[in-house]
J.: 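If you scroll down you'll find the structure; I have some questions about it.
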Amino acid sequence: MIKKFVFGKPFNTESILNDVKETYSEDKIPFGTVKNTPNFEWEYELGEQDVIYGLGQVMKGINIRGGKYVSWCLDQPNQDENTPSLYGAHNFIIIFGKKTFAVYFDYPGEIEFDAGFTFKDKIQVKAEKKSLNLYFIESENQNENLKSIVNQFRNLTGKSYVPPKWAFGFMQSRWGYKNAADINKVIENHKKYNLPLDSVCLDIDYMEDYKDFTVDNKKFPNFADYTKKLLQKNIRLVPIIDAGVKLQEGYDVYEQGKPYFCKDKEGNNFIAGVWPGDAVFPDFLNKEAREFFGKNYKKLTNCGIEGFWNDMNEPAVFYSKKSLKNAFDKIQDYKDKPLDIQSFFEFSGLSNSSFNRKDDTELFYHKVPQSFAGDFAESTPDKNGNVLVQNRKIHNLFGYNMTRAAAESFAKENPNKRKLLFSRSSFVGAHRYGGIWTGDNHSYWSNILLSLHMMANLNMTGFMFTGSDIGGFSSDTSYDLLLRWLAFGIFTPLCRNHSADGTRNQEFYEFEKTDDFKSMLDLRYALIPYLYSEFVKAAQNNKMYFRPLSFDYEDDLRAIHTDDQILLGEGLMIAPVYVQNAVGRYVYLPEDMLMIEWNNSQIKSQKMLTKGDHFIEVPLESVVFFIKKGKIVPFAKPALNTALLDTTNLTAVGNAPKGTVYELYDDDGFTTQIDVQKSVRKIVM
Ligand code: GLC
């Protein structure tokens, strides 16, 4: 059951697709109270054992209670468990315990969630403007409360994006591949060492001077031919597109885009620095601007490109003219002055002080239809009925609408064929248009577990095509970290090894025992029929691909408080090792399960374990995972590429009576006409 409450005149974020008809008056708020203040403030008393889920991309546990988070889409290269804001804003929380319900705060600006941080037993949610839609959701199924709540939320916000099947194959990436020779090296080494591969990402260096939708033809002479040749080998290139468009007279994207870039108060283009230096930012909230930007993807799809990643779309701003001037002026002030401890620290922070400043978001505006703007309008309507809205107020919608610009243009170009699209910044609603990756993590052991937590919470909000940079983006990875991370990453829909320029080479073939990586990638490909089937079914039925244990075992206290294991689809549970030098780990089984050890590219052992705690040995080169009793999981013969995967010849694995059936969803990997009722094949034990 969903109850909607309207405060003030909200901005239409378009995160809701199938809205409820009825709205309730404020005095009917079913849980907690909305304070009688000019700002928005909701507060709820938590039960001692209440669990809080949600907020998608946060650096905490699956249970996020005890932390303080700020939904403010941010380019955040320094992430740890104290980081309040990351790239996405997913304002959905579930409270599970004394009373179980969810709240969705449909609000486009900064919003703070103090989830038992200031007061242990209180959750407080605050926003500057008291103009928003609030949705309270209660279960409609007493046996599956959490699943019912998520299912209703997802019905409200619309079906999740489904990528083409090849996107479930392994993707190799690195910021630093400079030209075709670098890409060829990756492909050749994967071939040499029999490492499966479906795609290679192109990071910013493929462009001419970091100009969106250009390809430097000194680095990639005849790009279209190159792309086509790779496609014959079933390898796809996935170029990056950045939000900032280089300011350069004569550059066609800049020239065509002039009417569509975000403007400052005086009506001039807002100029800020990103990779190409001075750049301008398409006003993605505006339909015409989306169309202008979206059309440009065609330049690359015409060359045979079938997938993209959209980056820097919080938007990331290295400097605005104003913040850069301030920094230089202050540095100048310090010249020739003695620096004491305080002034020295101030001085040393100055060169970085222009980076992603919140006050810079007050310097630019979006043009939206008056009917969308509610209380957020800052001008009277122009002759087309559009008003101006300051970025600061609706900041979290920018990246979402960049993803949408691309997706809408792909759908127009070819409505029958899926394309790969994943973004860094997001907002609820963007899950209908593309996936996300979890951004610039580090080669730290703690990031494996943090990434597992995110998977659970992101799935609730509809972002299912997601994964972290395997091995870690910043810092140097090690052989064992990369292996353990991969042992988890092979289960995430987006399975990509990506690293930053200047870090240790992180491709699997750069390490001593390449076969260990191959074995894990082989397991990924063996499982693709199951992973794809579970993903598409979850997307179409508004369910979750990854779930916390509590979703299936609501009455089991141990399961509820297990936050380093996660369920995957109908039959699997994974429990990765995330501690260096560990020879294994404790695993909690909420029911009897079949333990599978995968080693040397095959199932090494299968063992039935009883409900309860077990210490499981997990050699570095093994992947250990679990199949629920009575369930079966189909395995394919590993292949070097999704195109070579034989999905007609699958082996059922599980501890289930003869005749047990798994309903496998499958299709050609591209169709947009997905029918999970029709396109299923029965796999029988
Ligand atoms: C950003 C992205 C990262 C990318 C880099 C260069 O930091 O998050 O993935 O490699 O920009 O484009």
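As a basis for the values below, the full set of heavy atoms in this structure was taken, side chains included, without hydrogen atoms, waters or symmetry mates. Order of appearance sets the numbers: ligands from 1, and atoms from 1 within every ligand.
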J.: Please report the closest heavy-atom contact between Ser353 and Arg357, naming both atoms and the distance.
T.: O-NH1, 2.9 Å

J.: Tell me which pairs pass salt bridge (charged side-chain N to carboxylate O under 4.0 Å, His left out) where either residue lies in residues 238-249, with sequence neighbours left out.
T.: Glu249-Lys258

J.: Could you tell me how the ring of Phe511 sits relative to the ring of Phe517: parallel (under 30°), tilted (30 to 60°) or perpendicular (over 60°)?
T.: tilted

J.: For Tyr226 and Phe220, take the angle between the two ring planes, folded into 0 to 90°, and tell me which bin it lands in: parallel under 30, tilted 30 to 60, perpendicular over 60.
T.: tilted

J.: Can you tell me if Gln256 has over 12 outside heavy atoms packed within less than 6.0 Å of its CD?
T.: yes

J.: Find all protein N or O atoms under 3.5 angstrom from an N or O atom of ligand 1 and list the pairs with distances, or write 'none'.
T.:
residue, atom, partner, partner atom, Å
ligand 1, 7 (O), Asp440, OD2, 2.7
ligand 1, 8 (O), Arg424, NH1, 2.9
ligand 1, 8 (O), Asp440, OD1, 2.5
ligand 1, 8 (O), Asp440, OD2, 3.3
ligand 1, 9 (O), His498, NE2, 2.9
ligand 1, 10 (O), Asp203, OD2, 2.5
ligand 1, 10 (O), His498, NE2, 2.9
ligand 1, 11 (O), Asp311, OD2, 3.1
ligand 1, 12 (O), Asp203, OD1, 2.5

J.: With under 30° as parallel and over 60° as perpendicular, where do the rings of Phe410 and Phe308 fit, or are they tilted in between?
T.: parallel

